[in-house]
Amino acid sequence: MNKEIAKSYEPQEVERKWYTLWEERGYFRADEESTNPSFSIAMPPPNVTGSLHMGHALNMTLQDILTRWERMKGSNVLWLPGTDHAGIATQNVVERQLAEQGKKRTDLGREEFERVVWEWKEKAESNILSQIRKLGCSCDWSRQRFTLDEGLSRAVREVFVQLYDDGLIYRGEYLVNWCPRCRTAISDLEVEFSPTQGKLWHIRYPIKGSDESLVVATTRPETMLGDTAVAVHPEDKRYLHLHGKTVILPLMDREISVITDSFVEMEFGTGAVKVTPGHDPNDFEMGRRHSLPIVKVIGEEGQMTEEAGEFSGLDRYQARKQVVAALEHQDLLAKVEPHPHNVGGCQRCGTVVEPLVSTQWFVKVKPLAEAAIEAVEKKETVFVPQNYEKIFFEWMSNIHDWCISRQLWWGHRIPAWHCESCGELTVSREDVELCDHCQGRDLVQESDVLDTWFSSALWPFSTLGWPDETKELSTYYPTTALVTGFDIIFFWVARMMMMGLRFRGEVPFRRVYINGLVRDEKGHKMSKSRGNIIDPLELIDQYGSDAVRFTVAVSAVPGTDIPFSISRMAGYRAFCNKIWNAGRFLLLNIETHSPISEKDVESLRQESELALQHRWILGRLQQVIAGTDRNLEKFLLHEASHDLYHFFWHELCDWYIELIKADLGGSSAKAEGSVLIATFVLETSLRLLHPFIPFLTEEMWQRLPHEGESIMFAPYPRSRVDWIDEEAISQMEQFQELVTSIRTARAESNIAPSKKLPAQLIPRGEAEAFLRSQQHQLQNLCRLDPIEFSPAQKDKGLRVSGVSRLAEFSLALDEAVDLEAKRERIGRQLQKLTQDLERLETKLGNSAFVQKAPAHVVEATRLRRHEAGEQLKNLQETLNELSQP
RNA sequence: GGGCGAUUAGCUCAGCUGGUUAGAGCGCCGUCCUCACACGGCGGAGGUCACUGGUUCGAAUCCAGUAUCGCCCACCA
């Protein structure tokens, strides 16, 4: 055994060493042939746009904790890693880089551009993967996938063709959200609204054959050029006389009719709406209801089209100004008022989205959504926390068709071919040479690519080899858990549900764990503009991966945002150091080399009754094991890690190790027993902590006596309830209370910690035998020498005294202490006790309480009252003595 | 407009099915370099659990309302 062990834990070398070793030895690899119960997670694939942020660190850590836990429990574990091509996002990143060289993607051409993006992908991906490794993630790298790799492309085509054949995919000309900068259609989800201070322009539309005019209100005057009607509410009394009339569209001199539609709100604006079916979703719908023509006045780059007459060629915002100016010039502007409203921007670049009519591909998701709702209702998939189910239902039941085509170059090209001869479409799994309809050879593949979420939606099964019926699929699908953020429930979770159910007939995952957002210390969202981004890699370099992981685990309340605190993490780094040193301490005292099993401890227990501290720590250990199991089962990782922290530091280190120190040093049976049990408890704790703190626990475990190659496969501790010794736990609690009150008395009397004091103990009730058995411990922990037991009589002279449940104590002093301070302390205690007692008396005096509360609660209350009463009496006496000369 | 969530110590937050002496980390005060650890030990201060009612023998915990904050969805031009 290596006794050369550093005084403090240095993570860097340890982490590098173990990760390499784990990976080389194939520890992360899943075995699809295994007959053990399977546990699988498909990693939410990070985008190959850049590098990982704290959100990823959180997400990955949570998955790894579950994965390592299950692996130790003996499950057949697969955590499948991968990355996402992230169509529009990645294309934008690369385009931005090209722009720095003064180039555009069109300068390169599609093929060359794609090559450049692939180059970028390789770079970004390898960076991301190394970050995931640094976090200690135990995913099966041999199965790593990419949403644009060959296998997934096959899955994408299969799904597309089947949905097309089912009539669930269709192509058509509709009004879609268009980003004039990205030059592509985007889905409703990709539009983010932000409040904007706009204006409401009131424009006069002259009525044909009359001097009267109709005033309409709009926030987008430039779209008036594309108006094809004006609408009023059918029951609006102000406008009854205008029904069926015609108005002259100003600036364009176009005659358009006044229509009635109950969509119009009479209260808003003037109660009359200009209808622009080409550039507004509501107007588009209204246009369909009334068969209105569509006039496109804004083009794909956000510039005014030919249809815009004299404004043609202008940017849409310039056009707005000029249209307003022109109207004003003609005295057609009735009023302008400020008007705050929400404006939709492109999720990826922020550019204000332009609703535009164009030909796109859509998925009819309604039937798929119904199946998904049903599955969640039947609890085939459970959300943690559960309230996200409501959000899921809400969105799913109001779902609209999904626009899946993107006018991009980076992505899965839609598997449809246009025939130049007959104009028909051929949709196929394989590249086609012949038109299905006319057998012509003049085929051109659709140039649009699919929304990046289309391929992500297939992730849980496409990564397992689908459409082939592989062994992996049957073993690992449905996956056990999905760990992801609430921000992509609609984008991703919902769509995986729909696709999984449609193509596998089963939900893609049994449980969805929703993790929150990682915010900064003050609770602000991390963002580049705010400059508060924390780079997980820097943290790992500085504090160690284990500390970073433990910090996120202990802060991760399901579904709740976590403010990431550096000072808190420093605390958990100290925890790592504490673990290191606890191990170090034992290693310095260990003589035996053979592993210590549960059986060894059990036979020790059988031989003779163990000392209190052993019975206590073994019992507490079992309680902690049971609690950890419960918490992990419920995905309460913050509770599990918090409890382990407390147990390890404040029970195992602060009390147990301190208590056994008295036994060590010799080669007595006592010393051996203590070392044995301490080693057992420490080794067990390391196994408990391993999913959270993988590197340090492995390093320490390897140094301690152990069985097996790696802690990764050591069995996760299972609770033995028969070791839970309630009596020992309760006695220990009282003992700690006594120790603490003696220490407090010492500290407040300003007695040097090293100073040994003669002490007198007056046991309460039946406590004497117990106190005598703990005499040496008491001497060590409180620096008392000698300890004298006396029945009731207190020694006179210079003393400091106090009480606890077990005993009164009185410590002899050399010199006088500050009497005033003592009185004050006792006074404070007295006050608190009196309050407690009053409260307990009132409670017990209430007959309803005594009758209705459970017996054990009443009993506990009685006991507390009794103890408080006794203590109070003693304190009073002590105070009286103090007052006497 | 609809929905969801939050409000607990100086700061950031736990407190899971109602019964604790209301906890943690950091910070603060005092003290100690005691032979595992100063990334440490020991001790201490600090809270009318947002407010108002209700249910209950008993409420930080359940219910209703109020206030403040946050998020999501919708998008009345």
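In what follows, every chain begins at residue 1, and chains take the letters A, B, ... in the order their sequences are listed.
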Open item on the list: Between B/G5 and B/C13, how many Å separate the two C1' atoms, rounded to a whole number?
Closed with: 15 Å
Open item on the list: If you take the centroid of each ring, where Trp contributes its six-membered ring, are A/His400 and A/Phe490 closer together than 6.0 Å?
Closed with: no
Task: Rounded distance in Å between the P positions of B/C73 and B/A59 - done: 40 Å
TODO: In whole angstrom, give me the gap between the C1' atoms of B/G44 and B/A50.
DONE: 29 Å
- [ ] Quickly work out the A/Phe268 CZ to B/G1 C1' distance and round it to whole Å.
- [x] 14 Å
- [ ] In whole angstrom, give me the gap between the P atoms of B/C42 and B/A36.
- [x] 14 Å
Task: Partner nucleotide, any strand, of B/U55 [Watson-Crick/G-U, under 3.5 Å] - done: none
- [ ] Before accepting this row, confirm whether a basic side-chain N of the pair A/Lys199/A/Glu337 lies closer than 4.0 Å to the acidic partner's carboxylate O.
- [x] no
Open item on the list: Using a 4.0 Å heavy-atom cut-off, does A/Lys661 contact any base of the nucleic acid, only the sugar-phosphate backbone, or nothing at all?
Closed with: base
Task: Spacing between A/Glu337 atom CD and B/A77 atom C1', to the nearest angstrom - done: 12 Å
Open item on the list: Does either side chain, that of A/Asp227 or that of A/Tyr205, offer a donor lying less than 3.5 Å from an acceptor on the other one?
Closed with: yes
- [ ] Report, as a single string ordered 5' to 3', how protein heavy atoms within less than 4.0 Å touch nucleotides 6-19 of chain B: B base, S sugar-phosphate only, - not at all.
- [x] ------SSSSB--B
Task: Span that lies between the C1' atom of B/G43 and that of B/U34, in whole angstrom - done: 16 Å
- [ ] Provide the distance between the two C1' atoms, one in B/C37 and one in B/A45, to the nearest whole Å.
- [x] 26 Å
Task: B/C39: pairing nucleotide in any strand, Watson-Crick or G-U under 3.5 angstrom - done: none
TODO: For the residue pair A/Leu696 and A/Trp580, establish whether any side-chain heavy-atom pair is separated by less than 4.5 Å.
DONE: yes
Task: Contact under 4.0 Å: A/Arg864 side-chain N or O vs B/U21 OP1/OP2 - done: yes
Task: Options B/G5, B/C72, B/U20, nucleotide nearest the side-chain atoms of A/Phe490 - done: B/C72
- [ ] Could you work out the separation of B/U66 and B/A60 based on their P atoms and round it to a whole Å?
- [x] 23 Å
TODO: Specify the separation, in whole Å, of atom CG of A/Asn750 and atom P of B/G30.
DONE: 12 Å
Task: A/Thr223-A/Lys274 side chain donor-acceptor pair, cut-off 3.5 Å - done: yes
- [ ] Remember a base hit wins even if backbone is also touched, and classify A/Cys576 as base, sugar-phosphate or nothing at under 4.0 Å, heavy atoms.
- [x] nothing
- [ ] Verify the distance criterion only: is there a donor paired with an acceptor across the side chains of A/Ser187 and A/Glu190 at less than 3.5 Å?
- [x] yes
TODO: Compare all side-chain heavy atoms of A/Ile617 with those of A/Phe647 and state whether any distance is below 4.5 angstrom.
DONE: yes
Open item on the list: What contact category does A/His279 fall into here, base, sugar-phosphate, or nothing, at under 4.0 angstrom with non-hydrogen atoms?
Closed with: nothing
Open item on the list: At 4.0 Å (heavy atoms only), tell me whether A/Arg746 reaches a base, stays on the sugar-phosphate, or touches nothing.
Closed with: nothing
Pick out the pairs of N or O atoms, protein on one side and nucleotides 41-46 of chain B on the other, that lie under 3.5 Å.
unit_1 : atom_1 : unit_2   : atom_2 : d
B/G41  : OP1    : A/Lys578 : NZ     : 3.0
B/G41  : OP1    : A/Trp649 : NE1    : 2.4
B/C42  : O3'    : A/Arg743 : NH1    : 3.4
B/G43  : O3'    : A/Thr744 : OG1    : 3.1
B/G44  : OP1    : A/Thr744 : OG1    : 3.4

- [ ] Return the orientation label for the A/Phe268 and A/His339 ring planes: parallel under 30°, perpendicular over 60°, tilted otherwise.
- [x] perpendicular
- [ ] Answer yes when A/Glu841 and A/Arg839 have at least one side-chain N-carboxylate O distance shorter than 4.0 Å, and no when they do not.
- [x] no
Open item on the list: I need the single residue from A/Asn577, A/Ile579, A/Asn581 that forms a side-chain contact (heavy atoms from CB on, under 4.5 Å) with A/Tyr9. Which is it?
Closed with: A/Asn577
Open item on the list: Reading RNA chain B from 5' onward, which residue's closest nucleotide shows up sooner: A/Glu267 or A/Ala574?
Closed with: A/Ala574
Open item on the list: Using a strict heavy-atom distance below 4.0 Å, which residues from residues 391-400 of chain A are in contact with RNA chain B?
Closed with: none
- [ ] Evaluate the side-chain proximity of A/His202 to A/Val216: yes if any heavy-atom separation is below 4.5 Å, no if none is.
- [x] no
TODO: Decide whether a cation-pi geometry holds between A/Lys390 and A/Phe383; the criteria are a distance under 6.0 Å from NZ or CZ to the six-membered ring centre and an angle within 45° of the ring axis.
DONE: no
Task: Nucleotide B/A77, atom C1' - distance to CG of A/Leu225 in whole Å - done: 16 Å
- [ ] If the plane angle is over 60° it's perpendicular, under 30° parallel, otherwise tilted; pick one for A/Phe635 and A/Tyr513.
- [x] parallel
- [ ] Starting at atom CG of A/Asp487, determine the distance to atom C1' of B/G70, rounded to an integer number of angstrom.
- [x] 16 Å
Task: Partner nucleotide of B/U48 by Watson-Crick or wobble geometry (both distances under 3.5 Å) - done: none
TODO: Measure from the side chain of A/Arg584, starting at C-beta and using heavy atoms only, and say which of B/A36, B/G25, B/G5 lies closest.
DONE: B/A36
Task: Identified pairing partner of B/C69, criterion: Watson-Crick or G-U wobble below 3.5 Å - done: B/G5
Open item on the list: Looking at B/A24, which nucleotide sits across from it as a Watson-Crick or G-U wobble partner, both distances under 3.5 angstrom, or is there none?
Closed with: B/U12
Open item on the list: Nearest to the side chain of A/Asn577, heavy atoms from C-beta on, is which of B/G25, B/C37, B/A36?
Closed with: B/C37
TODO: Report the distance from atom CG of A/Leu844 to atom P of B/G58, rounded to the nearest whole Å.
DONE: 14 Å
Task: Nearest-angstrom distance, P atom, B/U56 to B/G18 - done: 16 Å
Open item on the list: Closest-nucleotide mapping onto RNA chain B: is A/Phe263 or A/Leu189 further toward the 5' terminus? I mean the 5' end.
Closed with: A/Leu189
Open item on the list: Applying a 4.0 Å non-hydrogen cut-off, can you work out what A/Ser754 is touching in the nucleic acid: base, sugar-phosphate, or nothing?
Closed with: nothing
TODO: Answer whether the closest heavy-atom distance between the side chains of A/Leu704 and A/Leu682 falls below 4.5 Å.
DONE: yes
Task: Whole-Å distance separating the NE2 atom of A/His856 from the P atom of B/U20 - done: 10 Å
Task: Proximal nucleotide (of B/C39, B/C57, B/C4) relative to the A/Asn846 side chain - done: B/C57
TODO: Can you figure out which of B/A77, B/C37, B/C75 approaches the side chain of A/Asn342 most closely?
DONE: B/C75
Open item on the list: Measuring from atom OG of A/Ser804 to atom CD of A/Gln736, what distance do you get when rounded to the nearest 0.5 angstrom?
Closed with: 11.5 Å
Task: Atom-pair distance (CG on A/Leu175; C1' on B/C75), nearest Å - done: 14 Å
